[in-house]
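One structure below.
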Amino acid sequence: MTEFLIRHFIKDSGQLSDPKVRGRYGLLSSLVGICCNAVLFLCKFLIGTVSGSVSIMADSVNNLSDAGSSVVTLIGFRISGRPADEGHPFGHARAEYIGGLIVSFMILLLGVEFLRSSFLKILHPEPVTISALALFLLLLSILLKAWMGLFNRRVGKRIDSAALLATAQDSFNDVITTSVVLLAAALAKFTGLQIDGYMGVAVALFILYSGLGLARETVSPLLGQAPDPGMVQALEKKITSYDEVLGVHDLVVHSYGPGNWYASVHAEVSAKEDILKSHDVIDNIEREVLAQMGIHLVIHLDPVVTDDPAINELREFVRGKLRAIDPALSMHDFRVVFGETHTNLIFDVVVPVGFRQSDHQLGEQIQQAVEELDPGYYYTVVTFDRSYTSATGC
């Protein structure tokens, strides 16, 4: 069914890098969500009204909120598909995350309201009467929600949409909540056991849990979460695949919405290489990364002295001492200023997040290690960097 809908309702469905095609996927998913959830709301609302079941009423309004969520998702896709303008030079793709955040707030508000109404039902219980037809309709709603979850998950993975993957998870959550409601209704019909209020509390708590999870997933990219390690490693591998590039460091990756990536990095090249040739290589890398990985990359060229035995020996000595302190430490931009009375070793050290020592303590430890060469002669001038990705050596 999913492939049938994609094939018949999305033009150029294979052009996933095209924002317009991405918007069509979002439109299709939103319309499916609006229609299915509206039908589920009407059915459950009628069942809940006739039977007097607060848990079914809570589940029906949960479906109504899902329909509203689909509307918000649709608006988010519409806004995120707008091109860059003077006020938003990186585009509007983050609007998709904002739409997901609005949806999570709606879910949280509904969860609080139905927690209150279910608690009142426990304090003031009323008998619940439900027909076999109503039980059958609840079972069908479970099957429909399961299909919607599979549909949104497949589409979300295809276009790499956090909003649609969250919608898919919400649908699977609904399968669980409706199953709980169905169990309560069946017990009331066949055993006379009235646990509707307690099941309503369970559904409300699950709605709140789902809302908090969705909020966390949408807030994280807005705050600037770390890029995917696999993407970082692939980018580093691509850059260092050129023979002229000796190493990379200070890699920073920014996301301005799904599929909208910007990055900067320092690439080390031999200092004896012609500057125009090195610049030409850097330009080629930037173009290929954009064409093949969809990342807008800016590379800063760092010349490195590679043919001086004394500098090379000092570099490897310091690198070895850093690894002895902590294997997670890395070094770059190593330079040496020789003098008659002393020599300065100038370099940057990348410190991983959560490192146990302060910069001052680490600096003293590095200086003590370097003094093993010649006390009072070698001095370290260290700049401490923080890693913005999970890739090593950056």
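Just so we're clear, the structure is a prediction, and the values are computed from it rather than from any experiment.
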Are [X] and [Y] close enough that some pair of their side-chain heavy atoms sits under 4.5 Å apart?
| X | Y | value |
| --- | --- | --- |
| L290 | L297 | no |
| L144 | L40 | yes |
| D228 | V232 | no |
| L345 | Y379 | no |
| V248 | V245 | yes |
| D66 | K145 | yes |
| H296 | E286 | no |
| Y25 | S13 | yes |

| task | Please name all residues satisfying salt bridge (Lys or Arg N to Asp or Glu O under 4.0 Å) with E316, sequence neighbours left out, ordered by chain then number. | result |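 Applying salt bridge (Lys or Arg N to Asp or Glu O under 4.0 Å) to E316 gives R319.
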| field | Residues in salt bridge (Lys or Arg N to Asp or Glu O under 4.0 Å) contact with D326, at least two apart in sequence or another chain | value |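 Result, salt bridge (Lys or Arg N to Asp or Glu O under 4.0 Å) vs D326: R356.
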| query | Do any pairs count as a side chain to side chain donor-acceptor pair (under 3.5 Å) and have a residue in residues 148-157, sequence neighbours left out, and if so which ones? | reply | S29-N152
[X] and [Y]: side chain donor to acceptor below 3.5 Å:
| X | Y | result |
| --- | --- | --- |
| Q367 | T380 | yes |
| D385 | H332 | yes |
| T343 | Y377 | yes |
| Q361 | Q365 | no |

Main-chain N/O of [Y] paired with [X] side-chain donor or acceptor, under 3.5 Å:
| X | Y | result |
| --- | --- | --- |
| S278 | I275 | no |
| N312 | T306 | yes |
| R24 | K11 | yes |
| Y378 | E372 | no |
| T240 | E236 | yes |

Is it true that atom [atom1] of [X] has more than 12 heavy atoms of other residues, nucleotides or ligands lying nearer than 6.0 Å?
| X | atom1 | result |
| --- | --- | --- |
| H279 | NE2 | no |
| E313 | CD | no |
| F355 | CZ | yes |
| Y262 | OH | yes |

| task | Carefully, step by step, assess L314 and L373 under the rule side chain to side chain contact (heavy atoms under 4.5 Å, CB included). | result | CA-CA 9 Å; L314 287 170; L373 282 173; 3.7 Å; yes
| For L150, the rest of its hydrophobic cluster, which grows through side-chain links under 4.5 angstrom |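 L150 clusters with F172.
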| query | Can you list the other members of the hydrophobic cluster that holds L27, where links are side-chain heavy atoms under 4.5 angstrom apart? | reply | L31, L74
For the pair [X] and [Y], name the ring-plane relationship: parallel under 30°, tilted 30 to 60°, perpendicular over 60°.
| X | Y | answer |
| --- | --- | --- |
| H266 | H249 | tilted |
| Y256 | F90 | parallel |
| F45 | F41 | tilted |

Which pair of non-hydrogen atoms, one from [X] and one from [Y], has the smallest distance, and what is that distance?
| X | Y | value |
| --- | --- | --- |
| G197 | I122 | C-CG1, 3.6 Å |
| V269 | E244 | CG1-O, 3.5 Å |
| P352 | L329 | CD-CD2, 4.0 Å |
| A67 | I34 | O-CG1, 3.8 Å |
| Q225 | S220 | OE1-OG, 2.7 Å |

Consider only side-chain heavy atoms of I, L, V, M, F, W and Y, link residues closer than 4.5 Å, and tell whether [X] and [Y] are in one cluster.
| X | Y | value |
| --- | --- | --- |
| V32 | V71 | no |
| F334 | I325 | yes |
| F4 | I10 | yes |
| F105 | I98 | yes |

Can you tell me how far [atom2] of [Y] sits from [atom1] of [X], rounded to the nearest 0.5 angstrom?
| X | Y | atom1 | atom2 | value |
| --- | --- | --- | --- | --- |
| L183 | T178 | CG | OG1 | 12.5 Å |
| D348 | D250 | CG | CG | 6.5 Å |
| L301 | E273 | CG | CD | 10.0 Å |

| request: Evaluate the side chain to side chain contact (heavy atoms under 4.5 Å, CB included) criterion for residues R116 and V112: first the C-alpha distance (whole Å), next the side-chain angles of each, then the deciding distance (0.1 Å), finally the verdict. | output: CA-CA 6 Å; R116 184 190 65 83; V112 170; 5.9 Å; no
| request: Check the pair K238, V289 against side chain to side chain contact (heavy atoms under 4.5 Å, CB included), reporting the backbone distance first and the verdict last. | output: CA-CA 8 Å; K238 174 63 180 176; V289 167; 3.9 Å; yes
Name every donor-acceptor pair, under 3.5 Å, that has one atom in a side chain of residues 133-141 and the other anywhere in the protein, sequence neighbours excluded.
| unit_1 | atom_1 | unit_2 | atom_2 | d |
| --- | --- | --- | --- | --- |
| S141 | OG | L138 | O | 2.6 |

| task | Walk me through it: do V336 and N344 pass the test side chain to side chain contact (heavy atoms under 4.5 Å, CB included)? | result | CA-CA 6 Å; V336 181; N344 289 332; over 6 Å; no
| query | Run the salt bridge (charged side-chain N to carboxylate O under 4.0 Å, His left out) check on D359 and R386 step by step: do they pass? | reply | CA-CA 11 Å; D359 290 352; R386 289 296 182 272; 2.9 Å; yes
